[in-house]
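Only one structure is covered here, and it is reproduced in the block below.
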Amino acid sequence: MLIVVDRSPDGGMLLTDDDGTIELPAAELAATVAAREREPGEPPRWVWSDTAARYPELLAAGARVERCHDLRLVDAILAGVDGRAPEPALARTVEFVRPPMPRPQVEALFEFDDVVFDGSSAPVPAVRPGGPDLGRPAPVPTLAATQRADLARDRGPGAPRPRALALLAAAESAGALAAVEMQSTGLPWSAETHDALLTELLGPRPEAPGARPASLTALGAEVERLLGAAPGSIPLDSPPELVKALRRAGLEVSSARSWELRRLDHPAIEPLLRYKKLSRLLSANGWNWLDAHVRDGRFRPSYVPGAVVTGRWGSDGGGALQLPKQIRGAVQADPGWVLVVADAAQLEPRILAALSHDAAMARAGAGEDLYAGIVASGAVESREQAKLGMLGAMYGGTTGQSARVLPRLQRAFPDAIRFVEEAARAGERGEHVRTRLGRTSPAPSEAWRERQLIAASDAATAAQRDEARSAARAWGRFTRNFVVQGSAAEWALSWMAGVRRRLWSPEGGPLASQPHLVFFLHDELIVHAPRERAPEVEQVMRAAAVDAGRLLFQGSPVSFPVTVATVERYSDAK
DNA sequence: TAGGGATGCGCG
DNA sequence: AAAGCGCGCATCCCTA
């Protein structure tokens, strides 16, 4: 059952389902939603313009929602498919149609047939645009485009999932719900432990605001001494000044980057690198960060589904997706609770194996460690080579060890390598590529196209040709990676949606009082759970991973194992 | 002095 | 051992 949520012109709320439209005061929305969620049978799918705008209030009022359809996120996906710009006004306008669709036999995870819209039918039911602030009436992102695209795709073994875009719409929307829930419950964070870690590494917190820890000042002075400079004479935090100072000391450097400094043989380098590391920790995740972002034992970043073109999430506030390993010890379960930390082992190469139907690579991934499997296949000598080679293949590396290993990987895994090469060539030609579920890569810029055109003309200079070629290659590296990173993001969303669905119990009380998701990092999930329920949560994480593999790659021999650890602190997970 | 670009580095 | 993809954020530096 679809229920469309919209504002009414007089400030109330309109709920529309198959039985018609009702209007209710805005203050009663949460109670109504909660009641509908409690009704026996299949839970409704709430259709609204923006989960991030609508759901926090509902959740805060105790109305946890099982499924939704986020018009804004889905329109962004469909705009990519159609090659048009997303229409913000459209997402605020609710008008939809529901074609009679046979319920699929098997899709226990997502009942997504009801998210398929078809603009060609007469609208039933149709909801007029609500409030005075709404944009012009427009058809809601019809998934007609999705059906066309899906039908146009290959058939046969290993063909994309049927109605893939409808599945993507459901997964993206489920992610939006999870994002709001994770921000709401927050990541358990011990300010005390964080402070202890900082004190151990940097010394005590300086009393005066803005003052630097004494340890950092001392380390800076040592660097200056070893460079033969007066104390306080080198602004170590200014890259240009640092480069100048290093040059004065006879060191050939072109930048202040750590990896470049590491190659130098000079007594000042070791303390300098230590200084940079500690300085970074202080500015990015020091006491200021702690004051700003941790409250009542929780870190509550906002997650931004769909922030990245590939479909990965972004985050806003506190750098949630860049938590350095140095401070992960501060992520600490409540007393009597644990963190169940799971991550997908070698997710991207496994995704590539499945996308490309590479049987040899599927065999290499039969165990828990795909890279070890590649070594066992005889393609390369070491795990490190296997990893570097695969990363190079997926990112488009052209130099160093990864490029040297590539020919051997190509011989052993021709289908996988051909797949990413073809994605790269398509990008170089300015074409679109698609993820497994049909998210479409953006078009290169107008400037990019012009450059290619100019370079192709007879009048082009050698420099123009070089530049155009280099830009083409760069875009090819992007599309090469897009298919893998984007499909991996879809797997991860499906995984997360499955974990979320399996964890929730309507009888379990408020979300935070039962096992719940608290963190998501591209291929990694953390659940906060009462200790005695950890074994059950571990099983949920594994089972949802198996489901995700089936949802995206039904019939594929590629497995997607997850490593799971039950710990009190995040830093103990691996 | 506000703001945008560049740099560097954290994560996957 | 560093270079190839995608980000967010703090800081520096330059410009308007």
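Naming: A, B, ... by sequence-line order, numbering from 1 per chain.
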Nucleotide [N], atom [atom2] - distance to [atom1] of [X] in whole Å:
X	N	atom1	atom2	answer
A:Gln346	B:dG12	CD	P	14 Å
A:Arg404	C:dA2	CZ	P	12 Å
A:His522	B:dG12	NE2	C1'	5 Å
A:Lys277	B:dC11	NZ	C1'	11 Å
A:Trp475	C:dG4	CH2	C1'	16 Å
A:Leu272	B:dG8	CG	C1'	13 Å
A:Met394	C:dA3	CE	P	18 Å
A:Glu428	C:dC5	CD	C1'	15 Å

Quick one: does [X]'s side chain get under 4.5 Å of [Y]'s, heavy atoms only?
X	Y	value
A:Leu198	A:Leu281	yes
A:Leu347	A:Phe560	yes
A:Tyr371	A:Pro349	yes

[X] side chain, from C-beta outward: closest of [options]:
X	options	answer
A:Arg328	C:dC7, B:dC11, C:dA2	B:dC11
A:Pro324	C:dA2, B:dG10, C:dC5	B:dG10
A:Arg263	C:dA3, C:dG6, C:dA2	C:dA2
A:Asp523	B:dG12, B:dC9, C:dA3	B:dG12
A:Ala256	B:dG8, C:dG6, C:dA3	B:dG8
A:Arg257	B:dC9, C:dG6, C:dA1	B:dC9

| said: Check for me whether the distance between the ring centres of A:His194 and A:Trp289 falls short of 6.0 Å. | reply: yes
| task | Check whether the ring centres of A:Phe482 and A:Trp475 lie less than 6.0 Å apart, and answer yes or no. | result | no
| note | Writing each nucleotide of DNA chain C 5' to 3' as (, ), [, ], | or . by Watson-Crick or G-U pairing under 3.5 Å yields ....||||||||||||
| field | Listed partners of A:Glu384 passing salt bridge (charged side-chain N to carboxylate O under 4.0 Å, His left out), at least two apart | value | none
| Whether A:His522 and A:Phe520 hold their rings parallel, tilted or perpendicular, with breakpoints at 30° and 60° |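 A:His522 and A:Phe520: perpendicular rings.
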Have a look at [X] and say if it touches a base, only the backbone sugar-phosphate, or nothing, with a 4.0 Å heavy-atom cut-off.
X	answer
A:Ser255	sugar-phosphate
A:Leu323	sugar-phosphate
A:Gln401	base

Please determine whether a side-chain nitrogen or oxygen atom of [X] lies at a distance below 4.0 Å from atom OP1 or OP2 of [N].
X	N	value
A:Lys276	B:dC9	yes
A:Arg477	C:dG4	no
A:Ser258	B:dC9	yes

| message | Can you confirm whether more than 12 heavy atoms, excluding those of A:Glu260, are under 6.0 Å from its CD atom? | response |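 Yes - once you tally the heavy atoms of other residues, nucleotides and ligands closer than 6.0 Å, there are more than 12.
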| query | Reading nucleotides 8-16 of chain C 5' to 3', which nucleotides get B (base under 4.0 Å from a protein heavy atom), which S (sugar-phosphate only), which -? | reply | BSSSSS---
Compare every heavy atom of [Y] with every heavy atom of [X], then report the nearest pair and how far apart it is.
X	Y	result
A:Pro515	A:Val537	CB-CG2, 4.0 Å
A:Gln332	A:Thr193	OE1-OG1, 2.7 Å
A:Pro213	A:Trp287	CG-CZ3, 4.1 Å

| request: Quick one: classify the glycosidic conformation of C:dG4 as syn or anti, with syn meaning within 90° of 0. | output: syn
| message | With a 3.5 Å cut-off and heavy atoms only, can you find an N or O donor on one side and an acceptor on the other between the side chain of A:Arg480 and the base of C:dG4? | response |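 In this structure, the two groups form no donor-acceptor pair.
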| note | Result for 5'-nearest mapping on DNA chain C, choosing between A:Trp259 and A:Phe478, is A:Trp259
